[in-house]
Amino acid sequence: MKTTNLVLLGPPGAGKGTQAEKLTAEFAIPHISTGDIFRAAIKDQTPLGKKAQKYLDGGELVPDEIVIGIVAERLRQQDTEGGFLLDGFPRTVPQADALTDFLTAEGRRLTAVINIAVPPEVLVKRLSGRRICRQCGAVYHVERKKEKQAGVCDQCGGPLYQREDDREEIVRNRLEVYFRQTEPLIRYYQEAGLLLEVNGDQDIAGVYQEIITALRGTG
Ligand code: ADP
Ligand code: AMP
């Protein structure tokens, strides 16, 4: 079977988690979200969670050496052998270099890097209306992707909540951090011949269709 090793790139609120839910179901590959890994570690108050908390609270990036170690450990697990989808990693050039080195050393490579492009003014609206299932991590929006029963996840019945870092002042910092540290990766992956550009400023089904069409041309 064909291996599909994907990276979803894009600013906070672009729709990476939303598209990841669909793509990982379609390709039957694990969804590796570094943000989810940190939030779970914080909830469980593990040593990793204690280290990461202050960075997430302030909308800053967790230091590269911590994130790189976490992702390398995750990618060594067997369920990634048939493919994987990285969501929220890499976010810096050193992280991207580390990912390339890690995969190359294992005789693996990325299939494609999908950049979901959305204008900044749309991102703020998306993030302020975002709601997440505390139990399974499914993503909702108060206007654009409503749950059927108020406050209850359609998929698992868990309670929905608003992320602390989706508050407006933290959102502003997260966007600044994105433009400073992560946006350069668009060029990085363009030069590597891996970038697929997708218009994220359309409805969820439209973005998904564009991704699937773009992926047809990869191998
Ligand atoms: P990211 O993982 O990139 O931070 P999310 O997938 O969590 O982004 O999406 C951010 C918010 O925007 C969520 O509330 C989600 O329901 C909503 N959303 C995602 N994609 C779209 C879209 N194409 N149109 C409108 N709202 C969207
Ligand atoms: P996300 O769920 O992708 O929006 O990430 C939430 C937060 O987790 C970010 O604001 C960072 O504090 C941290 N984080 C997630 N992924 C990374 C990464 N690749 N590098 C550094 N910090 C990260």
Side-chain angles (χ1 to χ4, degrees), residues 2-36 59 61 64 67 71 75 80 83-104 108-130 139 141 144-145 166 171-172 174-219:
K2 208 174 113 185
T3 306
T4 310
N5 297 336
L6 301 176
V7 168
L8 282 183
L9 202 61
K16 299 182 297 297
T18 301
Q19 297 300 325
E21 283 177 24
K22 293 169 163 293
L23 290 164
T24 51
E26 171 71 25
F27 292 102
I29 51 178
H31 176 190
I32 304 174
S33 155
T34 40
D36 284 351
L61 294 185
D64 285 338
V67 193
V71 173
L75 288 176
T80 68
F84 56 80
L85 184 148
L86 287 168
D87 161 8
F89 180 93
R91 256 179 159 97
T92 65
V93 170
Q95 290 181 19
D97 285 339
L99 177 63
T100 309
D101 292 347
F102 177 85
L103 292 175
T104 307
R108 301 155 87 183
R109 66 184 184 87
L110 291 176
T111 310
V113 175
I114 301 155
N115 183 49
I116 307 179
V118 176
E121 63 278 11
V122 177
L123 296 173
V124 176
K125 282 196 199 118
R126 285 195 186 174
L127 291 170
S128 57
R130 171 159 65 182
V139 185
H141 190 275
R144 304 296 299 270
K145 191 173 187 284
D166 280 346
V171 161
R172 239 177 282 127
R174 287 164 63 207
L175 291 177
E176 267 173 38
V177 166
Y178 166 80
F179 285 110
R180 203 169 54 240
Q181 307 210 55
T182 309
E183 203 193 31
L185 292 182
I186 297 176
R187 174 115 186 244
Y188 177 103
Y189 282 119
Q190 209 161 29
E191 285 172 356
L194 285 168
L195 194 77
L196 301 176
E197 280 276 11
V198 168
N199 172 20
D201 191 14
Q202 52 180 327
D203 67 21
I204 293 170
V207 179
Y208 181 66
Q209 257 326 306
E210 219 180 295
I211 294 175
I212 293 295
T213 305
L215 281 175
R216 283 205 191 105
T218 64

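Heads up: numbering here begins at 1 and tracks the sequence.
By the 4.5 Å heavy-atom criterion applied to side chains, D201 and P119 are counted as neighbours. Side-chain contact check for Y178 versus P120: every heavy-atom pair is 4.5 Å or farther apart. Side-chain contact check for L61 versus V67: every heavy-atom pair is 4.5 Å or farther apart. Using a 4.5 Å heavy-atom cutoff, the side chains of I114 and Q19 are not in contact. Within the 4.5 Å cutoff, the side chain of L185 has heavy atoms near those of the V93 side chain. The side-chain heavy atoms of T3 and F27, taken from C-beta on, include no pair separated by under 4.5 Å.
With hydrogens and angles disregarded, a donor-acceptor distance shorter than 3.5 Å links the side chain of E210 to the backbone of N199. Using modelled atom types, no side-chain atom of E26 and backbone atom of K22 make a donor-acceptor pair closer than 3.5 Å. T92 places no side-chain N or O within 3.5 Å of a backbone atom of Q181 that could act as its donor or acceptor partner. Within the 3.5 Å criterion, the main-chain N or O of K125 finds a donor-acceptor partner in the side chain of H141. Between the side chain of E21 and the main chain of V139, a donor-acceptor pair closer than 3.5 Å is present.
Shown here for A96 and P90, the closest heavy-atom pair between the two residues is N-CB, 3.5 Å.
By the salt bridge (Lys or Arg N to Asp or Glu O under 4.0 Å) test, R144 pairs with no residue at all, sequence neighbours left out.
Rounded to the nearest 0.5 Å, atoms CD (Q190) and CG (N115) are 9.0 Å apart. Here CZ of R130 is found 10.5 Å from CG of L123. Values are rounded to the nearest 0.5 Å. With rounding to the nearest 0.5 angstrom, the CG atom of L215 is 7.5 Å from the CD1 atom of I211. The OG1 atom of T111 sits 10.0 Å away from the CG atom of L196 when rounded to the nearest 0.5 Å. To the nearest 0.5 Å, atom CG of residue L194 and atom OH of residue Y188 are 9.5 Å apart.
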Apply side-chain contact (heavy atoms from CB on, under 4.5 Å) to the pair I32 and L75, showing each step before the final yes or no.
-> CA-CA 9 Å; I32 304 174; L75 288 176; 3.8 Å; yes
Evaluation steps, side-chain contact (heavy atoms from CB on, under 4.5 Å), between Y189 and L110 | CA-CA 10 Å; Y189 282 119; L110 291 176; 4.0 Å; yes
Stepwise, does the side-chain contact (heavy atoms from CB on, under 4.5 Å) test hold for T4 with T218?
-> CA-CA 10 Å; T4 310; T218 64; over 6 Å; no
Would you check, one step at a time, whether the test side-chain contact (heavy atoms from CB on, under 4.5 Å) holds for R91 with V177?
-> CA-CA 10 Å; R91 256 179 159 97; V177 166; over 6 Å; no
Checking salt bridge (Lys or Arg N to Asp or Glu O under 4.0 Å) for the pair E191/R187: CA distance, chi angles, key distance, verdict?
-> CA-CA 6 Å; E191 285 172 356; R187 174 115 186 244; 3.0 Å; yes
Identify every side-chain donor-acceptor pair in residues 5-17 under 3.5 Å, counting partners at least two apart or on other chains, and give the distances.
| residue | atom | partner | partner atom | Å |
| --- | --- | --- | --- | --- |
| N5 | ND2 | R109 | O | 2.8 |
| K16 | NZ | G10 | O | 3.1 |
| K16 | NZ | P11 | O | 3.0 |

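Partner L23 forms a side-chain contact (heavy atoms from CB on, under 4.5 Å) with one of L85, T18, I29 and no other, that one being L85. Partner Q95 forms a side chain to side chain donor-acceptor pair (under 3.5 Å) with one of D64, T182, T100 and no other, that one being D64.
A donor atom on one side chain and an acceptor atom on the other are found under 3.5 Å apart for R108 and T80.
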